[in-house]
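These notes concern the structure reproduced below.
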Amino acid sequence: MKKSFWGISLFLLALLSCRRDEESLQNIDQIMTFYMKTSGGQDLLNPAKVGSYSQFSMNDVFGENDSSPVSFSGPTMQADSTYFFEYTAGATRKLLSSDASDNRIYQSKIAFRMNQKVNDTLFTEVRDTMEIQYRWTPDVFEVAKVFYNKNEVFSKTSTSGNTFTITK
């Protein structure tokens with residue numbers, strides 16, 4: 001009987017220990033999906049349209065050297081024929097601020113370089129910058145705000161995903 005008691009006690013202790021570990025996991029929410037459109041609604045990522053962008057590159061401004069490419073996917077076409085980018089991660093994050101309750105704000109900066117289609121044979125180079133601010137707590141690491149050319153284009157709410165449109 002004593003062996004059964006100690007066996008059951010050890011099993012319950014192990015079960016409770018595992019449960020606490022799962023509760024302490026940090027939720028990571030950093031994948032962003034974004035669109036680029038004109039104020040008139042034209043999709044700027046559609047490579048066939050005059051005025052749209054092509055030949056994209058993204059570079060980590062805080063990277064270890066001058067050429068620190070950031071990986072992204074896209075532009076990808078959806079079923080409704082609109083194009084979008086998806087950025088998962090990869091840019092260096094710098095600490096902007098922290099407080100006594102262990103809340104932190106990190107920042108990444110990405111330099112965009114792309115060609116804008118002027119007509120069927122002429123393109124012009126465009127350089128833009130995206131700043132991503134992340135909120136870190138012991139419970140969550142998430143995208144908090146996004147600025148494109150110093151204009152806020154996204155601010156996280158409790159019900160929003162990380163999808164937004166950049167209007168140029």
Ring pair (Phe, Tyr, Trp, His ring centres under 6.0 Å): which pairs involve residues 148-168, sequence neighbours left out? Phe34-Phe164, Phe112-Tyr148, Phe154-Phe164
Shortest non-hydrogen contact from [X] to [Y]?
X	Y	result
Asn59	Ser68	OD1-N, 2.6 Å
Pro138	Asp102	CD-O, 3.7 Å
Arg104	Ser98	CG-CB, 3.8 Å

If the condition is side-chain contact (heavy atoms from CB on, under 4.5 Å), which residues does Phe123 pass it with, not counting sequence neighbours? Ser54, Asn115, Lys117
[atom2] on [Y] to [atom1] on [X], rounded to 0.5 Å:
X	Y	atom1	atom2	result
Lys37	Leu45	NZ	CG	9.5 Å
Ile31	Thr88	CD1	OG1	5.0 Å
Arg135	Ile105	CZ	CD1	7.5 Å
Lys145	Glu152	NZ	CD	5.0 Å
Ser108	Gln133	OG	CD	10.0 Å
Phe85	Thr76	CZ	OG1	8.5 Å

Which residue in the set Val146, Val143, Asn162 passes side-chain contact (heavy atoms from CB on, under 4.5 Å) when paired with Lys156? Asn162
Without swapping roles, check the side chain of Gln116 against the backbone of Gly51 for a donor-acceptor pair under 3.5 Å. yes
State, without any angle test, whether [X] and [Y] hold a side-chain donor-acceptor pair at a distance under 3.5 Å.
X	Y	answer
Thr121	Asn119	yes
Asp60	Thr92	yes
Thr137	Asp139	no

Counting only heavy atoms not in Asp66, do more than 12 sit closer than 6.0 Å to its CG atom? no
Using the salt bridge (Lys or Arg N to Asp or Glu O under 4.0 Å) criterion, which residues pair with Glu64? Sequence neighbours excluded. none
